[in-house]
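Convention: sequence-line order gives letters A, B, ...; per-chain numbering from 1.
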Number of protein chains: 2
Amino acid sequence: MADITSELLSRHRAPVDQSSGRSPAAGTDPQLITFVELLFFAYRDFTREADAALAEFGLGRAHHRVLHFVNRHPGLRVADLLEILKITKQSLARVLKQLVDQGWIVQKAGERDRRQRRLHATEKGVALARRLDTLQAKRVGQALAHAGVGSDGVTARFLFNMITREERALVEALLPGPIEAIAASRS
Amino acid sequence: MADITSELLSRHRAPVDQSSGRSPAAGTDPQLITFVELLFFAYRDFTREADAALAEFGLGRAHHRVLHFVNRHPGLRVADLLEILKITKQSLARVLKQLVDQGWIVQKAGERDRRQRRLHATEKGVALARRLDTLQAKRVGQALAHAGVGSDGVTARFLFNMITREERALVEALLPGPIEAIAASRS
DNA sequence: CAAATAAGTCAACATGGCTGACATAACTTC
DNA sequence: GAAGTTATGTCAGCCATGTTGACTTATTTG
């Protein structure tokens, strides 16, 4: 391996370009762009382990998202999933059908409204969801542990405020409690 | 609109399921799973505005990523982009070709090594990159401003530590300085 | 000069988004 | 009870963006 890495790693001493600098977005705090990049890299790696585990079963990231939220919220309806994931019914149907056919999720008609298909993870589905959750929770836990004083509160609030304002109430309703309670709890 | 939202929003009072709780991943701090979900929602919305702006030009998220890093690091090589984005040469080639054909990016043969195609954003490319950066930087800036005491340092360290350990040095080399300098600067 | 490297290319395929149109069952309203 | 609305499912096709594998070309390096 000889080696891209060496050039990238040595950039501070030997920049790739004569001008040596980054093009700043005029009017934007250049520091913020660094956070934008960090978020890209963080998410890139956040999903990689789970994706690899899912591939063992021929599943993809879309299946993961559905299984995750169904496991977290037993009895979730299809319409709820559409709100959460912001995808179309047809996109959801494709992965949901596979999850049901392969025995990860079961559908039960709603008791009050029998048009509804309340979704539940099967035993097998719960086991997979837990395995994936554990992978991602470990990464998050490790990152929080090294983030410094007040990391839980700050991180919870930061991520929550990245959500589009109109969506925040909806997300908060899915969480175990108000965001401020979460921000305060593990600190 | 009558209305999914109402059921989701009322979950704390009227849970969808008799058991009323979430299935915890045994052995995993259940609070951490909340952070996993927050990261999903944060990223979901982080990308939406920029995606919409890109659609005006018939471009997608993949184009954005390439344009962003080329703009940030003028003279970047194809091999560097592959390392950063973790995609294959063929995937990159497709979007890069479009960006070059449409005049967002130009390629210049390397001076020392004429096999290289050093990439640069054109004036038009810089303008678009800035516009997108500004959108995302504003969102991040707003989220940081409401995240509480020490938000910059904690968030920078949190996101950086979400990156796979082996990749961190590479990312750090792309940033304007060591992560600790970034974590310390805007605090 | 031979080998290694940087980049590009062709072909085929998978995943997961999208639109539009239509079907079915069950609930709600008049 | 008929008519309208709602929850869900489905067919068909398209697009963006990822993948593998095989091969080419130009250039640098040993």
Side-chain angles (χ1 to χ4, degrees), chain A residues 1-8 16 44 47-48 50-52 54-55 57-67 70 75-83 85-101 105-119, chain B residues 1-8 16 44 47-48 50-52 54-55 57-67 70 75-83 85-101 105-119:
Chain A
M1 27 171 76
D3 154 288
I4 295 156
T5 304
S6 61
E7 171 144 0
L8 277 175
V16 289
R44 180 196 71 177
T47 52
R48 303 191 94 197
D51 284 351
L54 286 156
F57 304 97
L59 300 176
R61 201 179 293 184
H63 302 95
H64 182 191
R65 296 200 268 246
V66 172
L67 179 60
V70 169
L76 204 67
R77 297 170 306 158
V78 169
D80 298 325
L81 272 174
L82 297 180
E83 282 270 328
L85 302 175
K86 305 279 184 212
I87 60 176
T88 60
K89 188 174 49 161
Q90 296 91 326
S91 296
L92 174 58
R94 187 161 40 203
V95 290
L96 181 55
K97 188 171 193 313
Q98 292 169 331
L99 288 168
V100 170
D101 289 350
I105 284 178
V106 287
Q107 298 167 310
K108 300 179 189 170
E111 295 197 352
R112 279 217 319 274
D113 184 337
R114 298 201 340 275
R115 289 172 304 180
Q116 297 173 352
R117 306 295 164 85
R118 321 252 23 173
L119 303 172
Chain B
M1 27 175 78
D3 147 300
I4 295 156
T5 304
S6 61
E7 172 143 1
L8 276 175
V16 288
R44 181 197 68 177
T47 53
R48 303 190 94 199
D51 285 351
L54 286 155
F57 304 97
L59 301 175
R61 202 179 291 184
H63 302 94
H64 182 190
R65 295 200 270 249
V66 171
L67 179 60
V70 169
L76 204 66
R77 298 169 306 158
V78 168
D80 298 325
L81 272 174
L82 296 179
E83 283 269 329
L85 303 175
K86 306 281 185 213
I87 59 176
T88 59
K89 187 174 47 160
Q90 295 90 327
S91 296
L92 175 58
R94 188 163 35 205
V95 290
L96 182 53
K97 189 171 191 310
Q98 292 169 332
L99 288 168
V100 170
D101 289 349
I105 284 178
V106 288
Q107 299 167 308
K108 300 180 189 170
E111 295 199 351
R112 277 218 318 278
D113 184 338
R114 297 201 342 274
R115 290 171 304 179
Q116 298 172 350
R117 306 294 163 87
R118 320 248 30 169
L119 303 171

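- The one candidate from R44(B), R65(B), R61(B) that meets the salt bridge (Lys or Arg N to Asp or Glu O under 4.0 Å) condition with D51(B) is R61(B).
- In this entry the distance linking CG of D51(B) with P of dG16(C) reads 17 Å, nearest Å.
- Within the nucleic acid shown, Q98(A) has no heavy atom closer than 4.0 Å to any nucleic acid atom.
- Within the structure, a side-chain polar atom (N or O) of H63(A) is placed less than 4.0 Å from OP1 or OP2 of dG16(C).
- If you check dT8(D), dG17(C), dA7(C) against the side chain of V78(B), the one that comes closest is dA7(C).
- Environment of NZ in K86(A): crowded, with over 12 heavy atoms of neighbouring residues, nucleotides or ligands closer than 6.0 Å.
- Across all strands, R94(B) comes closer than 4.0 Å to base atoms (heavy-atom distances).
- Side-chain contact between R118(B) and L76(B) is absent, with no heavy atoms from C-beta onward closer than 4.5 Å.
- Atom-to-atom, NZ of K89(B) to P of dC10(C) comes out at 13 Å; the value is rounded to the nearest Å.
- For Q90(B) against dG21(D), a side-chain N or O and a base N or O form a donor-acceptor pair under 3.5 Å.
- Spacing between atom CG of L92(A) and atom P of dT8(D) amounts to 10 Å, rounded to whole angstrom units.
- Each of dT19(D), dA7(C), dT10(D) was ranked by its minimum atom distance to the side chain of S91(B); first place goes to dT19(D).
- Under a 3.5 Å cut-off, the side chain of D80(A) and the backbone N or O of R77(A) do form a donor-acceptor pair.
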Quick tally for nucleotides 25-30 of chain C: nucleotides whose base has a protein heavy atom under 4.0 Å get B, sugar-phosphate-only ones S, the rest -, giving -BS---
Go through the steps for K89(A) and L82(A) under the test side-chain contact (heavy atoms from CB on, under 4.5 Å), then give the verdict.
CA-CA 7 Å; K89(A) 188 174 49 161; L82(A) 297 180; 4.2 Å; yes
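- Rounded to whole Å, atom P of dC18(C) lies 12 Å from atom NZ of K86(A).
- Here dA16(D) presents its P atom at 13 Å from CG of L99(B), a figure rounded to the nearest Å.
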side-chain contact (heavy atoms from CB on, under 4.5 Å) for Q116(B) and D113(B)? Distances and angles first, verdict last.
CA-CA 6 Å; Q116(B) 298 172 350; D113(B) 184 338; 3.9 Å; yes
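- Spacing between atom CZ of R48(B) and atom C1' of dG17(C) amounts to 12 Å, rounded to whole angstrom units.
- Rounding to whole angstrom units, CZ of residue F57(B) and C1' of dC15(D) are separated by 20 Å.
- Between I87(A) atom CD1 and dG9(D) atom P the separation is 13 Å, expressed in whole Å.
- For Q116(A), taking side-chain heavy atoms from C-beta onward, the closest of the listed nucleotides dT8(D), dT19(D), dA7(C) is dT8(D).
- Of the side-chain N and O atoms in T88(A), one or more sit less than 4.0 angstrom from OP1 or OP2 of dC18(C).
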What do the steps show when you test L119(A) against L81(A) for side-chain contact (heavy atoms from CB on, under 4.5 Å), and what is the final call?
CA-CA 10 Å; L119(A) 303 172; L81(A) 272 174; 3.5 Å; yes
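- Closest-nucleotide positions on DNA chain C for V95(A) and A93(B) were compared, and the one nearer the 5' end corresponds to A93(B).
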